[in-house]
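Report on one structure; see the data block that follows.
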Amino acid sequence: MKPTQRNREPAGRFRVVALVAVLGLSLAACSGSGPQTALNPEGPIADSINDLWQLVFIMATVVFIIVQGGLFYAMGRFRERKDDESEPVQLHGNTKLEIAWTIIPVVILASIGYPIVRGIFDVRTIPEGPDVLQVQVTGHQWWWEFEYVDLVGDDGRTLVTANELYIPERTDVNLTMTSADVIHSFWVPVLAGKRDVVPNRVTNLTLHANNATPPDQPHPGQCAEYCGLAHADMRFKVHVRTQADFDNWVEGQLAPAAEPTEGAAADGYAAFTTCIACHNATVAGSDGVEDVGPVRTLEVDGVTFTSSLAPDLTHFGSRMTFGAGTFENDREHLARWLANPVDLKPMRPELNDIEAGRILGMPNFNLSDEDIDNLITLLEGWK
Ligand code: CUA
């Protein structure tokens, strides 16, 4: 019959499928419900970044519509016609037009460039004053260490925690950051832009959150610079609290953990000697309060960072997650982790060199089921 028509059909169907797929993928980006969206800002810094994005997006859309509209108009209006063999008017040079299409882009770029440059300076301004919360951040392959340098306990220790950052609402938080190994990038999409975390260098980022987060819904954060095997699992949480709740949290975190004296927790504490090659815990026992594991520091540009080999476990039980904000802190996940950490998270513990301070993940210690159970009881008790 009509072979050409039959041949055309599959190609036509392919075009429709391709169009629907492209449209679907493009529209998927419009969903505002993703947890890592920067389009639902929760603070003034994220607001200003979002405003700039909206401005650029609107202007780019207007330019796109005008340019594409003109293109399609010209394609239709001046197309070659069968009954008209004459050549269209040949033009070269039109001073008025050329001046116009030089000035218009300059005006557009200047009107975008001015607020962007001003925004960059605003966002980069380091907040000062007694009300600013100072937090030092060390990026590690593959976890985050937070030290609240101005929050000091009775025993002279500063508040150190890992992977879950607590901040009070409506307060400027100045992060002073460095890396213990490679370049990372600190990113909490709803609170601020990204900032690289660079070895041998100090960078700063300001966080400011409008409202407290529900206890089980902290803001998600993520390392945003490829840093090796577990880059995708180098996550963290930002818990925003009212000032009173934050003060309570600080008080709890500054207290040492208690050395258990009986039961499964005490047996777990005996097995804990394996852990303290890398992990520290500040424990109140019969010898008084002591750091049972190593606490290392890193000196960068005159700033001393607490830069341990592995997360501090003093208040492990108070955390929602573990494994750098990746796994729920519950018995099931902990049991799988302690049985073989690499099963849960891609890491390279075979390259660890504790002397050199190089740790690329937690190895499998071949712990017995009983030890695993006891260790979990110990750690979950350290609220
Ligand atoms: Cu750290 Cu990616």
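Computed from heavy atoms alone, side chains included, the values below leave out hydrogens, waters and symmetry copies. If you read the sequence from its start, that first residue is 1, and numbering goes on from there.
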Would you check if there is a donor-acceptor pair between the side chains of Gln134 and Asn174 at a distance under 3.5 Å?
-> yes
Centres of the Phe236 and Trp143 rings: under 6.0 Å?
-> no
Approximate separation, where rounding is to 0.5 Å, of Leu229 CG and Lys345 NZ = 10.0 Å
Does the side chain of Val289 come within less than 4.5 Å of Val283's, by heavy atoms?
-> no
The reported gap from SG in Cys278 to CD1 in Ile276 (rounded to nearest 0.5 angstrom) is 10.5 Å
When hydrophobic residues are tied together by side-chain contacts of less than 4.5 Å, even through go-betweens, does Ile359 share a cluster with Met234?
-> no
Residues two or more places apart in sequence or in another chain: which of them pass ring-ring contact (aromatic ring centres under 6.0 Å, His included) with Trp249?
-> Tyr148, Tyr166, Phe246
Establish whether Leu378 and Leu334 are linked, either directly or via other cluster members, by ILVMFWY side-chain heavy-atom contacts under 4.5 Å.
-> yes
Stepwise side chain to side chain donor-acceptor pair (under 3.5 Å) test for Glu145 and Thr306 = CA-CA 8 Å; Glu145 184 163 24; Thr306 290; 5.7 Å; no
Looking at CD of Gln141 and CG of Leu360, how far apart are the two atoms once the value is rounded to the nearest 0.5 Å?
-> 5.0 Å
Stepwise side-chain contact (heavy atoms from CB on, under 4.5 Å) check, Leu207 with His219 = CA-CA 12 Å; Leu207 298 182; His219 297 314; over 6 Å; no
NE2 of His184 to OG1 of Thr138, rounded to nearest 0.5 Å, is 10.0 Å
When rounded to the nearest 0.5 angstrom, what distance separates CG in Asn364 from CG in Asn340?
-> 4.0 Å
Let me see the working for Leu165 and Val137 under side-chain contact (heavy atoms from CB on, under 4.5 Å), right down to the final yes or no.
-> CA-CA 10 Å; Leu165 180 68; Val137 178; 5.9 Å; no
Side chains of Glu42 and Asn211: does their closest heavy-atom pair fall under 4.5 Å?
-> yes
State, yes or no, whether a side-chain contact exists between Ile49 and Val123 at a heavy-atom distance under 4.5 Å.
-> yes
For the pair Arg358 and Asp181, find out whether any cationic side-chain nitrogen is under 4.0 Å from an anionic carboxylate oxygen.
-> no
Treating Ile, Leu, Val, Met, Phe, Trp and Tyr as nodes and any side-chain heavy-atom pair under 4.5 angstrom as an edge, say whether Leu133 and Val238 lie in one connected cluster.
-> yes
Asp233/Arg235 ion pair, N-O < 4.0 Å | yes
When rounded to the nearest 0.5 angstrom, what distance separates CG in Asn50 from OG1 in Thr37?
-> 8.0 Å
So, are Glu98 and Lys96 salt-bridged, with charged N and O less than 4.0 Å apart?
-> no
Assess whether side chain to side chain donor-acceptor pair (under 3.5 Å) is satisfied between Thr158 and Glu147, documenting all intermediate values.
-> CA-CA 7 Å; Thr158 51; Glu147 181 185 16; 2.7 Å; yes
Is Arg157 salt-bridged to Asp155, cutoff N-O under 4.0 Å?
-> yes
Residue of the set Trp382, Phe316, Phe365 for which ring pair (Phe, Tyr, Trp, His ring centres under 6.0 Å) holds with Phe272 | Trp382
Side-chain contact test, heavy atoms from C-beta onward, threshold under 4.5 Å: evaluate it for Cys227 versus Trp142 and give yes or no.
-> yes
Could you tell me whether the side chain of Arg201 reaches within less than 4.5 Å of the side chain of Asp196, counting heavy atoms only?
-> no
Hey, mind stepping through Asp343 and Arg336 against side-chain contact (heavy atoms from CB on, under 4.5 Å) and telling me if it holds?
-> CA-CA 8 Å; Asp343 266 358; Arg336 283 175 60 197; 6.0 Å; no
Are side-chain heavy atoms of Ile108 and Ile112 found at a separation under 4.5 Å?
-> yes
Among Lys237, His315, His239, the one residue meeting side chain to side chain donor-acceptor pair (under 3.5 Å) with Glu164 | His239
From CA spacing to verdict: side chain to side chain donor-acceptor pair (under 3.5 Å), Glu299, Thr304 | CA-CA 5 Å; Glu299 187 87 11; Thr304 307; 2.8 Å; yes
